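Numbers here simply count residues along the sequence, with the first being 1. From a predicted model like this one, the values you see are computed outputs, not experimental measurements.
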Amino acid sequence: MSKYRDSILKLITDARPHHISGETIANELNISRMTVKKVIDQLKEEGMSIDSVHNKGHRLNDFPIQWYNGILESLLKDSNLVQKVYSYDSVDSTQQVAKASLMKENGAFLVVSDEQTKGTGRFKRPWQSPKGKGLWMSLVLKPDIPFSMLTTFNLFISLAICETIQSFSEDLVQIKWPNDIYIGKRKVCGFLTEMIANADGIDAIICGIGINVNHNLDDFELPLQSTATSVKLHHHNENINRYRFLKTLLNHIEYRYHQFLTEPFTTIKEEYISSSNIWDRRLRFTEGNRQFYGRVIEIDDQGFLHVIDDAANIHRLMSADIEF
């Protein structure tokens, strides 16, 4: 594909819902109109819905199914959160790609892929990431913050994810502290946060997010069909355009990330509590090699979970695996 594909796509996407002439594109990129035509024709062959009208130019009618960097760059051009985006057809893990890209990016950036062949969640559990079905991404942020603030980062981000999915779901979306999102009794999203740091402080936070967007029930492997769900299954059973979903998600994350940087957890504490599904139930907690049953008493102002176990012992947890 032409090296001008992404630049041409960005200009066409920038112009939506209007047409942009081939001459304008050619002049903007200092290329020939024939080159523009060849790229547009190739995009149409790939299934892109583009209208080409004589004396008017070209118009992108709707966003495609697969990821294109040019479209992503256009959608994120006004973002205060992300300065760069990388998109792929297939990677082993967006988290690994993000780590490998850290040295060449000074600012925040985003990695998305249509498929992950070795996606993993928390505790290195495999995460199924089939092609074209979900949002598989890693967001790299570079905040100038003390280590002590990291305990609440996931809580702000989980609210952003929960709000995004709720805006597409007919059914109630809730958070399972600290990193899972549920619709009813089924998991729709998981995310993990990795910190890159040195003795002087935090270099980067890499937030890997996996959201089941357009799965049908039989797209999940058999063991997961009773525990997993997708946004589509709670959205009139209709496919959701992943560009629109991603744009909505990044808007919510940008808002909550700004809150995280400028306000204490107490600002959102009651909102977080009301969005959580861990209350008034006996749960199994696993923290390292320790496992016990108990009930959640509270989330404190630092984001730690307070649990009373069956023997009436109190535990203060920063991170744990919770099972219903």
Side-chain angles (χ1 to χ4, degrees), residues 1-91 94 97-98 101 104-116 131-140 164 168 213-214 232 238-254:
M1 172 53 72
S2 167
K3 64 180 180 179
Y4 301 109
R5 180 184 73 170
D6 287 336
S7 298
I8 290 171
L9 261 178
K10 182 178 184 302
L11 290 174
I12 293 175
T13 309
D14 285 348
R16 291 181 82 243
H18 307 291
H19 289 78
I20 181 172
S21 70
E23 181 179 10
T24 299
I25 295 173
N27 290 340
E28 183 77 21
L29 301 179
N30 196 26
I31 58 178
S32 70
R33 293 179 66 180
M34 182 56 68
T35 299
V36 175
K37 184 180 184 305
K38 286 181 178 179
V39 173
I40 296 292
D41 288 345
Q42 179 62 44
L43 289 169
K44 290 178 180 178
E45 288 180 15
E46 293 178 13
M48 190 86 71
S49 179
I50 297 175
D51 276 343
S52 298
V53 180
H54 184 63
N55 289 333
K56 291 186 71 175
H58 311 283
R59 180 182 66 192
L60 179 64
N61 294 320
D62 205 353
F63 299 124
I65 295 174
Q66 64 268 47
W67 298 119
Y68 285 89
N69 232 65
I71 297 176
L72 290 168
E73 288 173 1
S74 177
L75 291 181
L76 301 178
K77 66 181 185 295
D78 298 322
S79 173
N80 293 315
L81 183 70
V82 176
Q83 283 78 55
K84 178 78 173 180
V85 59
Y86 296 92
S87 64
Y88 300 89
D89 291 328
S90 181
V91 297
T94 60
V97 173
S101 304
K104 59 184 178 182
E105 293 295 338
N106 293 322
F109 64 93
L110 174 69
V111 177
V112 298
S113 182
D114 211 32
E115 174 187 49
Q116 293 182 118
K131 198 172 188 67
K133 293 294 182 179
L135 176 56
W136 324 125
M137 60 174 274
S138 291
L139 176 64
V140 179
T164 300
F168 289 87
V213 179
N214 285 324
K232 172 187 175 178
E238 296 175 352
N239 279 338
I240 295 163
N241 186 278
R242 291 184 299 165
Y243 285 93
R244 293 191 177 91
F245 188 91
L246 175 60
K247 177 67 172 174
T248 303
L249 174 62
L250 291 177
N251 286 343
H252 281 291
I253 290 178
E254 183 173 324

Heavy-atom neighbours of K247 NZ exceed 12 at 6.0 Å: yes

For N27, does the CG atom have more than 12 heavy-atom neighbours from other residues, nucleotides or ligands under 6.0 Å away? yes

List in chain and number order the residues that pass side chain to side chain donor-acceptor pair (under 3.5 Å) with R33, two or more places apart in sequence or in another chain; answer none if no residue qualifies. none

Set of residues satisfying side-chain contact (heavy atoms from CB on, under 4.5 Å) with respect to E45, sequence neighbours excluded: Q42

What is the minimum heavy-atom distance between M137 and L246, and which atoms define it? SD-CD1, 4.0 Å

Can you tell me how far CD of E254 sits from OG of S79, rounded to the nearest 0.5 angstrom? 4.5 Å

To the nearest 0.5 angstrom, please state how far the CG atom of L250 sits from the CG atom of L139. 7.0 Å

Is the number of heavy atoms from other residues, nucleotides or ligands within 6.0 Å of CD (Q83) greater than 12? yes

In Å, rounded to the nearest 0.5 Å, how long is the span from CD1 of I25 to CD1 of I8? 6.0 Å

NZ or CZ of R16 within 45° of F63 ring axis and under 6.0 Å: yes

Where does the angle between the aromatic ring planes of Y86 and F109 fall among parallel (under 30°), tilted (30 to 60°) and perpendicular (over 60°)? perpendicular

Without hydrogens or angle criteria, can the side chains of S52 and K44 be said to hold a donor-acceptor pair below 3.5 Å? yes

Tell me whether N69 contacts the main-chain N or O of V85 through its side chain, where contact means a donor paired with an acceptor under 3.5 Å. yes

State the CG-CG distance between N239 and N214, to the nearest 0.5 angstrom. 4.0 Å

Between the CD1 atom in I40 and the CZ atom in R5, the distance rounded to the nearest 0.5 Å is 11.5 Å

Would you check if E105 and V140 make a side-chain contact, meaning some heavy-atom pair closer than 4.5 Å? no

